[in-house]
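Note sheet for the following structure.
Remember, it's a predicted structure, so these values are computed and weren't measured experimentally. Note on naming: letters A, B, ... go to the chains in the order of the sequence lines (proteins, then strands), and numbering restarts at 1 for each one.
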2 protein chains.
Amino acid sequence: MTLSEEDYIKAIYHLSEFNSKSVATNAIAEQMKTKPSSVTDMIKKLAEKSLVNYKKYQGVSLSEKGRLVALSIIRKHRLWEVFLVDKLNFSWDEVHVVAEQLEHIKSDALIDKLDAHLGFPKVDPHGDPIPNKDGVFTKSVKKLISELPVGSQGACVGVNDSSAAFLKFLDKNKIALGDTFKILEIEEFDGSVTISTRSGSIRISKQIATNLFLEIVDEE
Amino acid sequence: MTLSEEDYIKAIYHLSEFNSKSVATNAIAEQMKTKPSSVTDMIKKLAEKSLVNYKKYQGVSLSEKGRLVALSIIRKHRLWEVFLVDKLNFSWDEVHVVAEQLEHIKSDALIDKLDAHLGFPKVDPHGDPIPNKDGVFTKSVKKLISELPVGSQGACVGVNDSSAAFLKFLDKNKIALGDTFKILEIEEFDGSVTISTRSGSIRISKQIATNLFLEIVDEE
DNA sequence: ACAATTTTTTAGATTTGTCTAAAATTATAT
DNA sequence: ATATAATTTTAGACAAATCTAAAAAATTGT
(Lines give C-alpha, C1' and ligand atoms only; values in the text may rest on other atoms or scores of the structure.)
Protein backbone atom coordinates (compact mmCIF):
# COMPACT_ATOMS: atom_id res chain seq x y z
CA MET A 1 0.00 0.00 0.00
CA THR A 2 1.32 3.43 -0.90
CA LEU A 3 1.19 6.31 1.52
CA SER A 4 -1.43 8.01 -0.59
CA GLU A 5 -3.65 4.94 -0.71
CA GLU A 6 -3.46 4.66 3.05
CA ASP A 7 -4.48 8.29 3.45
CA TYR A 8 -7.50 7.81 1.19
CA ILE A 9 -8.58 4.67 3.05
CA LYS A 10 -8.33 6.53 6.34
CA ALA A 11 -10.29 9.49 4.98
CA ILE A 12 -13.08 7.23 3.71
CA TYR A 13 -13.20 5.46 7.06
CA HIS A 14 -13.54 8.68 9.02
CA LEU A 15 -16.17 10.08 6.64
CA SER A 16 -18.31 6.98 7.00
CA GLU A 17 -17.58 6.44 10.69
CA PHE A 18 -20.87 7.82 11.91
CA ASN A 19 -23.33 7.82 9.03
CA SER A 20 -22.12 4.43 7.68
CA LYS A 21 -23.51 5.15 4.23
CA SER A 22 -21.41 5.55 1.12
CA VAL A 23 -19.15 8.55 0.90
CA ALA A 24 -19.32 11.25 -1.80
CA THR A 25 -16.37 11.97 -4.07
CA ASN A 26 -16.58 15.65 -3.18
CA ALA A 27 -16.43 14.92 0.54
CA ILE A 28 -13.25 12.90 0.09
CA ALA A 29 -11.75 15.62 -2.08
CA GLU A 30 -12.41 18.18 0.62
CA GLN A 31 -10.96 15.98 3.37
CA MET A 32 -7.87 15.16 1.33
CA LYS A 33 -7.47 18.74 0.11
CA THR A 34 -7.40 17.58 -3.49
CA LYS A 35 -9.70 17.73 -6.53
CA PRO A 36 -12.67 15.44 -7.19
CA SER A 37 -11.07 14.17 -10.38
CA SER A 38 -8.04 12.98 -8.44
CA VAL A 39 -10.36 11.23 -6.02
CA THR A 40 -12.13 9.39 -8.82
CA ASP A 41 -8.78 8.15 -10.12
CA MET A 42 -7.70 6.90 -6.71
CA ILE A 43 -11.06 5.28 -5.99
CA LYS A 44 -10.73 3.27 -9.19
CA LYS A 45 -7.34 2.09 -8.03
CA LEU A 46 -8.65 1.13 -4.60
CA ALA A 47 -11.64 -0.65 -6.18
CA GLU A 48 -9.21 -2.58 -8.37
CA LYS A 49 -7.56 -3.85 -5.20
CA SER A 50 -11.02 -4.50 -3.71
CA LEU A 51 -10.41 -2.21 -0.80
CA VAL A 52 -13.59 -0.27 -1.59
CA ASN A 53 -17.02 -0.91 -3.06
CA TYR A 54 -17.56 1.44 -5.94
CA LYS A 55 -20.15 2.05 -8.58
CA LYS A 56 -19.86 5.06 -10.84
CA TYR A 57 -21.73 8.10 -9.58
CA GLN A 58 -22.89 6.15 -6.53
CA GLY A 59 -20.21 7.08 -4.04
CA VAL A 60 -17.85 4.71 -2.32
CA SER A 61 -17.63 2.60 0.85
CA LEU A 62 -14.90 0.52 2.41
CA SER A 63 -14.93 -3.22 1.82
CA GLU A 64 -14.26 -5.42 4.83
CA LYS A 65 -10.66 -5.67 3.68
CA GLY A 66 -10.50 -1.88 3.41
CA ARG A 67 -12.05 -1.44 6.84
CA LEU A 68 -9.34 -3.62 8.37
CA VAL A 69 -6.64 -1.62 6.63
CA ALA A 70 -8.19 1.60 7.98
CA LEU A 71 -8.33 0.21 11.51
CA SER A 72 -4.74 -0.93 11.38
CA ILE A 73 -3.66 2.59 10.39
CA ILE A 74 -5.82 4.10 13.11
CA ARG A 75 -4.35 1.66 15.62
CA LYS A 76 -0.85 2.81 14.70
CA HIS A 77 -1.81 6.46 14.76
CA ARG A 78 -3.34 6.25 18.21
CA LEU A 79 -0.56 4.14 19.74
CA TRP A 80 1.98 6.69 18.50
CA GLU A 81 -0.12 9.46 20.03
CA VAL A 82 -0.01 7.70 23.39
CA PHE A 83 3.74 7.33 23.03
CA LEU A 84 4.23 10.99 22.21
CA VAL A 85 2.18 12.15 25.17
CA ASP A 86 3.11 9.55 27.80
CA LYS A 87 6.77 9.03 26.98
CA LEU A 88 7.96 12.14 25.17
CA ASN A 89 5.86 14.69 27.08
CA PHE A 90 4.16 16.18 24.09
CA SER A 91 0.96 17.94 25.00
CA TRP A 92 -2.11 16.11 23.67
CA ASP A 93 -2.91 18.87 21.16
CA GLU A 94 0.50 18.74 19.44
CA VAL A 95 0.63 15.06 18.59
CA HIS A 96 -1.71 14.70 15.63
CA VAL A 97 0.61 16.02 12.90
CA VAL A 98 3.55 13.87 13.98
CA ALA A 99 1.34 10.78 14.40
CA GLU A 100 0.09 11.32 10.82
CA GLN A 101 3.63 10.56 9.70
CA LEU A 102 4.40 7.79 12.18
CA GLU A 103 1.22 5.87 11.31
CA HIS A 104 2.71 4.96 7.94
CA ILE A 105 5.77 3.15 9.32
CA LYS A 106 5.55 -0.46 8.21
CA SER A 107 6.59 -2.99 10.86
CA ASP A 108 4.29 -5.30 12.74
CA ALA A 109 7.00 -6.06 15.31
CA LEU A 110 7.39 -2.35 15.98
CA ILE A 111 3.72 -1.86 16.72
CA ASP A 112 3.52 -4.96 18.92
CA LYS A 113 6.50 -3.85 20.96
CA LEU A 114 5.29 -0.27 21.14
CA ASP A 115 1.91 -1.50 22.38
CA ALA A 116 3.61 -3.52 25.11
CA HIS A 117 5.95 -0.65 26.02
CA LEU A 118 2.93 1.59 26.52
CA GLY A 119 1.14 -0.99 28.68
CA PHE A 120 -1.51 -1.95 26.10
CA PRO A 121 -3.48 1.29 26.27
CA LYS A 122 -7.17 1.17 25.35
CA VAL A 123 -7.62 4.80 24.38
CA ASP A 124 -5.45 7.54 22.89
CA PRO A 125 -4.79 10.91 24.55
CA HIS A 126 -8.01 12.31 23.03
CA GLY A 127 -10.07 9.49 24.48
CA ASP A 128 -10.54 7.70 21.19
CA PRO A 129 -10.35 3.90 21.38
CA ILE A 130 -7.36 1.98 20.05
CA PRO A 131 -8.34 -1.01 17.88
CA ASN A 132 -6.51 -4.26 18.60
CA LYS A 133 -4.51 -6.22 16.02
CA ASP A 134 -7.69 -7.68 14.55
CA GLY A 135 -9.40 -4.32 14.26
CA VAL A 136 -11.64 -4.90 17.26
CA PHE A 137 -12.29 -1.98 19.60
CA THR A 138 -14.88 -0.98 22.14
CA LYS A 139 -16.70 2.09 20.94
CA SER A 140 -15.99 4.44 23.76
CA VAL A 141 -18.47 7.04 24.86
CA LYS A 142 -16.84 10.43 24.77
CA LYS A 143 -19.06 13.28 25.86
CA LEU A 144 -18.98 16.87 26.97
CA ILE A 145 -19.54 17.31 30.69
CA SER A 146 -22.58 19.44 29.83
CA GLU A 147 -24.19 16.43 28.08
CA LEU A 148 -23.90 14.08 31.04
CA PRO A 149 -26.33 13.35 33.89
CA VAL A 150 -25.47 13.49 37.59
CA GLY A 151 -23.55 10.40 38.67
CA SER A 152 -21.56 10.01 35.46
CA GLN A 153 -17.90 9.33 35.88
CA GLY A 154 -14.97 9.27 33.50
CA ALA A 155 -11.52 10.38 32.56
CA CYS A 156 -10.95 13.82 31.16
CA VAL A 157 -9.69 13.21 27.66
CA GLY A 158 -10.02 16.34 25.66
CA VAL A 159 -11.22 19.88 25.11
CA ASN A 160 -13.38 21.51 22.49
CA ASP A 161 -11.68 24.85 22.78
CA SER A 162 -7.93 24.52 22.56
CA SER A 163 -7.15 28.21 22.98
CA ALA A 164 -4.19 29.09 25.15
CA ALA A 165 -6.54 30.95 27.51
CA PHE A 166 -8.67 27.88 28.16
CA LEU A 167 -5.69 25.58 28.61
CA LYS A 168 -4.24 28.08 31.07
CA PHE A 169 -7.52 28.11 32.98
CA LEU A 170 -7.46 24.31 33.26
CA ASP A 171 -3.92 24.39 34.50
CA LYS A 172 -4.76 26.98 37.15
CA ASN A 173 -7.65 24.82 38.35
CA LYS A 174 -5.50 21.72 38.46
CA ILE A 175 -7.53 20.01 35.77
CA ALA A 176 -5.29 17.82 33.64
CA LEU A 177 -5.78 15.29 30.89
CA GLY A 178 -6.30 11.86 32.38
CA ASP A 179 -7.89 13.05 35.61
CA THR A 180 -11.01 11.20 36.66
CA PHE A 181 -14.10 13.24 37.43
CA LYS A 182 -17.53 12.45 38.77
CA ILE A 183 -20.52 14.68 38.20
CA LEU A 184 -22.02 15.51 41.58
CA GLU A 185 -24.57 18.20 40.83
CA ILE A 186 -25.91 20.25 37.94
CA GLU A 187 -27.21 23.70 38.74
CA GLU A 188 -30.44 24.35 36.83
CA PHE A 189 -30.11 28.11 37.06
CA ASP A 190 -26.86 28.67 35.18
CA GLY A 191 -25.86 25.23 33.97
CA SER A 192 -22.78 25.13 36.18
CA VAL A 193 -21.64 21.70 37.29
CA THR A 194 -20.06 20.44 40.49
CA ILE A 195 -17.51 17.71 39.89
CA SER A 196 -15.36 15.70 42.23
CA THR A 197 -11.66 15.51 41.53
CA ARG A 198 -8.79 13.89 43.36
CA SER A 199 -8.22 17.08 45.31
CA GLY A 200 -11.85 17.64 46.34
CA SER A 201 -14.87 18.93 44.52
CA ILE A 202 -15.02 22.05 42.40
CA ARG A 203 -17.71 23.94 40.56
CA ILE A 204 -17.23 24.71 36.90
CA SER A 205 -19.24 27.11 34.75
CA LYS A 206 -21.46 25.96 31.91
CA GLN A 207 -18.92 27.38 29.48
CA ILE A 208 -16.25 25.12 30.90
CA ALA A 209 -18.63 22.15 30.94
CA THR A 210 -19.33 22.55 27.22
CA ASN A 211 -15.63 22.44 26.45
CA LEU A 212 -14.40 19.44 28.42
CA PHE A 213 -14.75 15.88 27.17
CA LEU A 214 -15.03 12.89 29.49
CA GLU A 215 -14.30 9.36 28.38
CA ILE A 216 -17.04 7.39 30.08
CA VAL A 217 -16.08 4.11 31.68
CA ASP A 218 -19.15 2.34 30.38
CA GLU A 219 -19.55 -1.01 32.05
CA GLU A 220 -21.53 -3.42 29.92
CA MET B 1 13.35 17.25 0.81
CA THR B 2 11.67 14.18 -0.61
CA LEU B 3 12.26 10.73 0.81
CA SER B 4 14.22 9.75 -2.27
CA GLU B 5 16.48 12.81 -2.13
CA GLU B 6 17.24 12.04 1.51
CA ASP B 7 18.18 8.46 0.64
CA TYR B 8 20.56 9.61 -2.08
CA ILE B 9 22.21 12.17 0.23
CA LYS B 10 22.69 9.50 2.86
CA ALA B 11 24.13 7.05 0.31
CA ILE B 12 26.62 9.63 -0.95
CA TYR B 13 27.62 10.45 2.64
CA HIS B 14 28.30 6.82 3.50
CA LEU B 15 30.19 6.18 0.27
CA SER B 16 32.51 9.12 0.91
CA GLU B 17 32.71 8.64 4.66
CA PHE B 18 36.14 7.04 4.61
CA ASN B 19 37.82 7.87 1.30
CA SER B 20 36.50 11.47 1.29
CA LYS B 21 36.94 11.75 -2.48
CA SER B 22 34.14 12.14 -4.97
CA VAL B 23 31.73 9.25 -5.42
CA ALA B 24 31.10 7.40 -8.69
CA THR B 25 27.67 7.23 -10.27
CA ASN B 26 27.91 3.45 -10.48
CA ALA B 27 28.71 3.17 -6.76
CA ILE B 28 25.60 5.17 -5.89
CA ALA B 29 23.50 3.10 -8.26
CA GLU B 30 24.68 -0.08 -6.59
CA GLN B 31 24.06 1.27 -3.09
CA MET B 32 20.60 2.54 -4.03
CA LYS B 33 19.73 -0.56 -6.02
CA THR B 34 18.83 1.51 -9.03
CA LYS B 35 20.31 2.25 -12.47
CA PRO B 36 23.17 4.69 -13.20
CA SER B 37 20.89 6.75 -15.43
CA SER B 38 18.48 7.28 -12.54
CA VAL B 39 21.40 8.37 -10.39
CA THR B 40 22.51 10.95 -12.93
CA ASP B 41 19.00 12.39 -13.00
CA MET B 42 18.86 12.66 -9.24
CA ILE B 43 22.36 14.10 -8.93
CA LYS B 44 21.34 16.89 -11.29
CA LYS B 45 18.42 17.65 -9.08
CA LEU B 46 20.56 17.67 -5.94
CA ALA B 47 23.15 19.87 -7.67
CA GLU B 48 20.35 22.27 -8.61
CA LYS B 49 19.59 22.58 -4.89
CA SER B 50 23.32 22.90 -4.18
CA LEU B 51 23.34 19.87 -1.95
CA VAL B 52 26.15 18.28 -3.97
CA ASN B 53 29.15 19.39 -6.03
CA TYR B 54 28.86 17.91 -9.48
CA LYS B 55 30.73 18.08 -12.75
CA LYS B 56 29.75 15.79 -15.60
CA TYR B 57 31.69 12.53 -15.67
CA GLN B 58 33.69 13.62 -12.60
CA GLY B 59 31.65 12.00 -9.85
CA VAL B 60 29.87 13.81 -7.05
CA SER B 61 30.55 14.97 -3.49
CA LEU B 62 28.35 16.49 -0.81
CA SER B 63 28.40 20.24 -0.35
CA GLU B 64 28.59 21.53 3.21
CA LYS B 65 24.81 21.98 3.09
CA GLY B 66 24.42 18.39 1.87
CA ARG B 67 26.74 17.09 4.57
CA LEU B 68 24.59 18.72 7.25
CA VAL B 69 21.46 17.18 5.74
CA ALA B 70 23.15 13.76 5.76
CA LEU B 71 24.22 14.14 9.38
CA SER B 72 20.74 15.17 10.46
CA ILE B 73 19.31 12.04 8.84
CA ILE B 74 22.01 9.90 10.45
CA ARG B 75 21.28 11.54 13.80
CA LYS B 76 17.62 10.56 13.48
CA HIS B 77 18.45 7.06 12.33
CA ARG B 78 20.77 6.38 15.26
CA LEU B 79 18.52 7.93 17.88
CA TRP B 80 15.66 5.74 16.67
CA GLU B 81 17.96 2.70 16.85
CA VAL B 82 18.74 3.51 20.48
CA PHE B 83 15.02 3.85 21.14
CA LEU B 84 14.21 0.53 19.50
CA VAL B 85 16.88 -1.33 21.49
CA ASP B 86 16.71 0.46 24.84
CA LYS B 87 12.97 1.05 25.10
CA LEU B 88 11.28 -1.51 22.87
CA ASN B 89 13.69 -4.40 23.47
CA PHE B 90 14.54 -4.99 19.86
CA SER B 91 17.84 -6.79 19.49
CA TRP B 92 20.53 -4.57 18.01
CA ASP B 93 20.62 -6.50 14.74
CA GLU B 94 16.91 -6.05 13.96
CA VAL B 95 16.69 -2.30 14.18
CA HIS B 96 18.24 -1.08 10.96
CA VAL B 97 15.31 -1.68 8.61
CA VAL B 98 12.80 -0.01 10.89
CA ALA B 99 15.13 2.92 11.59
CA GLU B 100 15.47 3.40 7.82
CA GLN B 101 11.80 4.32 7.82
CA LEU B 102 11.74 6.29 11.05
CA GLU B 103 14.68 8.49 10.02
CA HIS B 104 12.46 10.23 7.47
CA ILE B 105 9.89 11.49 9.98
CA LYS B 106 9.95 15.27 9.87
CA SER B 107 9.67 16.96 13.26
CA ASP B 108 12.44 18.76 15.08
CA ALA B 109 10.47 18.70 18.32
CA LEU B 110 10.12 14.93 18.04
CA ILE B 111 13.87 14.37 17.73
CA ASP B 112 14.68 16.78 20.57
CA LYS B 113 12.24 15.06 22.87
CA LEU B 114 13.32 11.60 21.79
CA ASP B 115 16.95 12.55 22.46
CA ALA B 116 16.04 13.73 25.96
CA HIS B 117 13.88 10.65 26.60
CA LEU B 118 16.86 8.43 25.76
CA GLY B 119 19.21 10.41 28.03
CA PHE B 120 21.17 12.09 25.23
CA PRO B 121 23.03 9.00 24.04
CA LYS B 122 26.38 9.50 22.33
CA VAL B 123 26.47 6.26 20.34
CA ASP B 124 23.90 3.97 18.74
CA PRO B 125 23.54 0.25 19.55
CA HIS B 126 26.24 -0.59 16.98
CA GLY B 127 28.72 1.80 18.60
CA ASP B 128 28.43 4.43 15.89
CA PRO B 129 28.44 8.02 17.12
CA ILE B 130 25.28 10.13 17.12
CA PRO B 131 25.81 13.62 15.65
CA ASN B 132 24.34 16.48 17.65
CA LYS B 133 21.83 19.01 16.24
CA ASP B 134 24.62 20.91 14.52
CA GLY B 135 26.09 17.81 12.90
CA VAL B 136 29.00 17.62 15.32
CA PHE B 137 30.08 14.21 16.53
CA THR B 138 33.19 12.65 18.01
CA LYS B 139 34.56 10.06 15.66
CA SER B 140 34.48 7.02 17.85
CA VAL B 141 37.04 4.28 17.57
CA LYS B 142 35.34 0.99 16.96
CA LYS B 143 37.62 -2.00 16.67
CA LEU B 144 37.65 -5.76 16.72
CA ILE B 145 39.09 -7.21 19.92
CA SER B 146 41.71 -8.92 17.80
CA GLU B 147 43.00 -5.54 16.59
CA LEU B 148 43.54 -4.09 20.06
CA PRO B 149 46.61 -4.12 22.33
CA VAL B 150 46.67 -5.31 25.92
CA GLY B 151 45.23 -2.70 28.27
CA SER B 152 42.55 -1.46 25.86
CA GLN B 153 39.13 -1.01 27.34
CA GLY B 154 35.72 -0.36 25.85
CA ALA B 155 32.07 -1.23 25.51
CA CYS B 156 31.02 -4.16 23.42
CA VAL B 157 28.97 -2.62 20.62
CA GLY B 158 28.65 -5.08 17.84
CA VAL B 159 29.54 -8.28 16.09
CA ASN B 160 30.94 -9.06 12.69
CA ASP B 161 29.20 -12.37 12.44
CA SER B 162 25.53 -12.08 13.23
CA SER B 163 24.70 -15.75 12.78
CA ALA B 164 22.30 -17.28 15.26
CA ALA B 165 25.03 -19.67 16.37
CA PHE B 166 27.43 -16.89 17.32
CA LEU B 167 24.76 -14.88 19.11
CA LYS B 168 23.81 -17.98 21.04
CA PHE B 169 27.44 -18.48 22.03
CA LEU B 170 27.64 -14.91 23.35
CA ASP B 171 24.49 -15.41 25.34
CA LYS B 172 25.82 -18.60 26.89
CA ASN B 173 29.03 -16.83 27.89
CA LYS B 174 27.11 -13.89 29.36
CA ILE B 175 28.51 -11.48 26.83
CA ALA B 176 25.95 -8.84 25.99
CA LEU B 177 25.86 -5.64 24.02
CA GLY B 178 26.89 -2.71 26.21
CA ASP B 179 29.16 -4.73 28.50
CA THR B 180 32.54 -3.17 29.23
CA PHE B 181 35.63 -5.29 28.63
CA LYS B 182 39.33 -4.81 29.27
CA ILE B 183 41.99 -6.74 27.38
CA LEU B 184 44.24 -8.44 29.95
CA GLU B 185 46.40 -10.76 27.89
CA ILE B 186 46.88 -11.90 24.31
CA GLU B 187 48.19 -15.45 23.81
CA GLU B 188 50.82 -15.47 21.06
CA PHE B 189 50.37 -19.14 20.35
CA ASP B 190 46.73 -19.25 19.25
CA GLY B 191 45.64 -15.60 19.29
CA SER B 192 43.19 -16.18 22.10
CA VAL B 193 42.50 -13.21 24.35
CA THR B 194 41.82 -12.93 28.06
CA ILE B 195 39.33 -10.18 28.86
CA SER B 196 37.92 -8.95 32.13
CA THR B 197 34.17 -8.66 32.41
CA ARG B 198 31.90 -7.65 35.26
CA SER B 199 31.69 -11.25 36.37
CA GLY B 200 35.42 -12.00 36.31
CA SER B 201 37.84 -12.69 33.49
CA ILE B 202 37.32 -15.09 30.62
CA ARG B 203 39.41 -16.35 27.74
CA ILE B 204 38.01 -16.08 24.23
CA SER B 205 39.31 -17.75 21.11
CA LYS B 206 40.80 -15.83 18.20
CA GLN B 207 37.70 -16.58 16.21
CA ILE B 208 35.55 -14.83 18.78
CA ALA B 209 38.02 -11.96 19.06
CA THR B 210 37.77 -11.30 15.33
CA ASN B 211 34.02 -11.05 15.54
CA LEU B 212 33.43 -8.73 18.49
CA PHE B 213 33.65 -4.95 18.21
CA LEU B 214 34.61 -2.73 21.12
CA GLU B 215 33.77 0.97 21.20
CA ILE B 216 36.94 2.45 22.66
CA VAL B 217 36.55 5.17 25.26
CA ASP B 218 39.33 7.25 23.80
CA GLU B 219 40.35 10.01 26.19
CA GLU B 220 42.02 12.89 24.35
C1' DA C 1 -41.56 17.27 -15.50
C1' DC C 2 -37.81 19.24 -16.98
C1' DA C 3 -34.50 23.13 -16.83
C1' DA C 4 -30.87 24.52 -14.02
C1' DT C 5 -27.53 23.30 -10.84
C1' DT C 6 -24.48 20.32 -8.65
C1' DT C 7 -21.75 16.30 -8.58
C1' DT C 8 -18.92 13.04 -10.75
C1' DT C 9 -16.28 11.25 -14.37
C1' DT C 10 -13.33 11.46 -18.49
C1' DA C 11 -9.64 13.17 -21.34
C1' DG C 12 -5.42 15.01 -21.67
C1' DA C 13 -1.40 17.29 -19.44
C1' DT C 14 2.27 17.66 -15.64
C1' DT C 15 5.70 16.24 -12.12
C1' DT C 16 8.61 12.87 -9.82
C1' DG C 17 11.34 9.07 -9.99
C1' DT C 18 12.28 5.42 -12.50
C1' DC C 19 13.58 2.57 -16.74
C1' DT C 20 15.96 1.00 -21.49
C1' DA C 21 18.77 1.82 -25.27
C1' DA C 22 22.03 4.46 -27.37
C1' DA C 23 25.58 8.07 -27.41
C1' DA C 24 29.44 10.42 -25.19
C1' DT C 25 33.28 10.35 -22.28
C1' DT C 26 36.91 8.35 -19.55
C1' DA C 27 39.92 4.46 -18.28
C1' DT C 28 42.68 0.42 -19.48
C1' DA C 29 45.67 -2.80 -21.70
C1' DT C 30 48.87 -4.18 -24.72
C1' DA D 1 49.11 5.26 -28.68
C1' DT D 2 45.08 3.75 -29.71
C1' DA D 3 41.60 0.10 -29.78
C1' DT D 4 38.72 -1.91 -26.39
C1' DA D 5 36.26 -1.76 -22.30
C1' DA D 6 33.98 0.49 -18.68
C1' DT D 7 31.54 4.35 -17.00
C1' DT D 8 28.47 8.09 -17.42
C1' DT D 9 25.12 10.82 -19.65
C1' DT D 10 21.27 11.71 -22.83
C1' DA D 11 16.95 10.78 -25.08
C1' DG D 12 12.69 9.04 -24.87
C1' DA D 13 9.22 6.23 -22.41
C1' DC D 14 6.46 4.80 -18.33
C1' DA D 15 3.81 4.56 -13.81
C1' DA D 16 1.93 7.10 -9.92
C1' DA D 17 -0.53 10.86 -8.34
C1' DT D 18 -1.92 15.02 -9.32
C1' DC D 19 -4.15 18.94 -12.13
C1' DT D 20 -7.56 21.66 -15.55
C1' DA D 21 -11.24 21.71 -18.67
C1' DA D 22 -15.00 19.58 -20.55
C1' DA D 23 -18.52 15.96 -20.76
C1' DA D 24 -21.84 12.90 -18.42
C1' DA D 25 -24.97 11.78 -14.79
C1' DA D 26 -27.68 12.85 -10.80
C1' DT D 27 -30.19 16.10 -8.01
C1' DT D 28 -33.10 20.06 -7.14
C1' DG D 29 -36.55 23.67 -7.56
C1' DT D 30 -40.51 25.23 -9.20
Side-chain angles (χ1 to χ4, degrees), chain A residues 1-16 19-63 66 69-70 73 100-101 103-104 106, chain B residues 1-16 19 21-63 66 69-70 73 100-101 103-106:
Chain A
M1 292 227 58
T2 68
L3 199 140
S4 195
E5 286 172 352
E6 288 192 354
D7 283 337
Y8 273 95
I9 292 282
K10 204 176 52 144
I12 296 168
Y13 180 89
H14 284 308
L15 288 168
S16 58
N19 63 17
S20 83
K21 286 180 222 153
S22 76
V23 178
T25 303
N26 265 357
I28 299 171
E30 199 178 333
Q31 176 93 359
M32 296 289 296
K33 285 168 185 169
T34 184
K35 303 289 147 158
S37 56
S38 307
V39 174
T40 301
D41 287 347
M42 180 56 89
I43 287 173
K44 281 183 187 165
K45 197 172 148 194
L46 296 175
E48 199 68 36
K49 300 187 176 189
S50 53
L51 290 161
V52 297
N53 308 117
Y54 172 58
K55 264 168 83 178
K56 270 192 195 179
Y57 295 102
Q58 302 304 132
V60 76
S61 65
L62 290 182
S63 69
V69 169
I73 300 166
E100 292 261 88
Q101 293 182 66
E103 72 191 4
H104 297 293
K106 277 159 193 60
Chain B
M1 293 226 57
T2 70
L3 198 139
S4 196
E5 287 171 350
E6 289 192 352
D7 283 338
Y8 273 94
I9 292 283
K10 204 175 51 141
I12 296 168
Y13 179 89
H14 284 308
L15 288 168
S16 56
N19 61 19
K21 288 181 218 152
S22 75
V23 179
T25 303
N26 264 358
I28 299 171
E30 199 178 330
Q31 176 92 2
M32 296 288 298
K33 285 167 185 172
T34 183
K35 303 290 150 163
S37 55
S38 307
V39 174
T40 302
D41 288 347
M42 180 55 89
I43 287 174
K44 281 183 187 164
K45 198 172 149 197
L46 296 175
E48 199 67 40
K49 299 187 177 190
S50 53
L51 290 161
V52 298
N53 307 118
Y54 173 58
K55 264 168 83 178
K56 269 192 193 178
Y57 295 101
Q58 302 305 135
V60 76
S61 64
L62 290 182
S63 69
V69 169
I73 300 166
E100 292 261 89
Q101 293 181 65
E103 72 190 6
H104 297 293
I105 302 290
K106 277 157 195 58

Original post:
Given dC19(C), dT18(C), dT9(C), which nucleotide is nearest the side-chain atoms of Met42(B)?
Top reply: dT18(C)

Original post:
What is the minimum heavy-atom distance between Val23(A) and Ile12(A), and which atoms define it?
Top reply: CG2-O, 4.0 Å

**OP:** May I ask you to evaluate whether Tyr8(B) reaches the phosphate of dT18(C), defined as a side-chain N or O under 4.0 Å from OP1 or OP2?
**Re:** yes

Original post:
dT10(C) C1' sits how many Å from Ile43(A) CD1, rounded?
Top reply: 14 Å

**OP:** Can you tell me the distance, in whole Å, between the NZ atom of Lys49(A) and the C1' atom of dA16(D)?
**Re:** 11 Å

Original post:
So does Gln58(A) get a side-chain nitrogen or oxygen closer than 4.0 Å to the phosphate oxygens (OP1/OP2) of dA25(D)?
Top reply: no

Original post:
Considering heavy-atom distances to DNA chain D, does Glu5(A) or Gly59(B) have its closest nucleotide positioned more toward the 5' end?
Top reply: Gly59(B)

**OP:** Identify whether the distance between the nearest side-chain nitrogen and carboxylate oxygen of Glu5(A) and Lys10(A) falls below 4.0 Å.
**Re:** no

Original post:
Given dT10(C), is OP1 or OP2 found less than 4.0 Å from the side-chain N or O atoms of Lys44(A)?
Top reply: yes

Original post:
Which atoms form the tightest heavy-atom contact between Ser50(B) and Ser63(B), and what is the distance?
Top reply: O-OG, 3.0 Å

**OP:** Measure from OH on Tyr57(A) to C1' on dT9(C) and round the result to the nearest Å.
**Re:** 4 Å

Original post:
At under 4.0 Å between heavy atoms, what does Thr25(B) touch on the DNA or RNA strands: base, sugar-phosphate, or nothing?
Top reply: sugar-phosphate

**OP:** Hey, which sits more toward the 5' end of DNA chain D by its nearest nucleotide, Lys56(B) or Lys56(A)?
**Re:** Lys56(B)

**OP:** Look at Asn26(B) and dT8(D) and indicate whether a side-chain polar atom (N or O) is within less than 4.0 Å of OP1 or OP2.
**Re:** yes

Original post:
Glu30(A) CD to dT8(C) P: how many Å, rounded?
Top reply: 11 Å

Subject >> Length of the line joining Glu48(B):CD and dT16(C):P, which is rounded to integer Å >> reply: 12 Å

**OP:** Verify the contact: side-chain N or O of Tyr54(B) to OP1 or OP2 of dT9(D), cut-off strictly under 4.0 Å; return yes or no.
**Re:** yes

Original post:
Between Thr40(A) and dT10(C), does any side-chain N or O lie under 4.0 Å from OP1 or OP2?
Top reply: no

Subject >> Value in whole Å for how far the P atom of dC19(C) lies from CG of Asp41(B) >> reply: 10 Å

**OP:** Verify whether one side chain among His104(A) and Glu6(A) offers a donor that lies under 3.5 Å from an acceptor in the other.
**Re:** yes

Original post:
Of the options Asp7(A), Val39(A), Leu15(A), which is the one that meets Gln31(A) in a side chain to side chain contact (heavy atoms under 4.5 Å, CB included)?
Top reply: Leu15(A)

Original post:
Side chain of Ser4(B), base of dT18(C): donor and acceptor closer than 3.5 Å?
Top reply: no

Original post:
Say you draw a straight line from CG of Asn53(A) to CD1 of Ile43(A); how long is it, rounded to the nearest 0.5 Å?
Top reply: 11.5 Å

Original post:
To the nearest angstrom, how far is Leu46(B) atom CG from dT16(C) atom C1'?
Top reply: 13 Å

**OP:** Give a yes/no on whether any side-chain N or O of Ser38(A) is located under 4.0 angstrom from OP1 or OP2 of dC19(D).
**Re:** yes

Original post:
Within the structure, does a side-chain N or O atom of Thr34(B) lie under 4.0 Å from either OP1 or OP2 of dC19(C)?
Top reply: yes

Original post:
Rounded to the Å, how far apart are Lys35(B) NZ and dG12(D) C1'?
Top reply: 18 Å

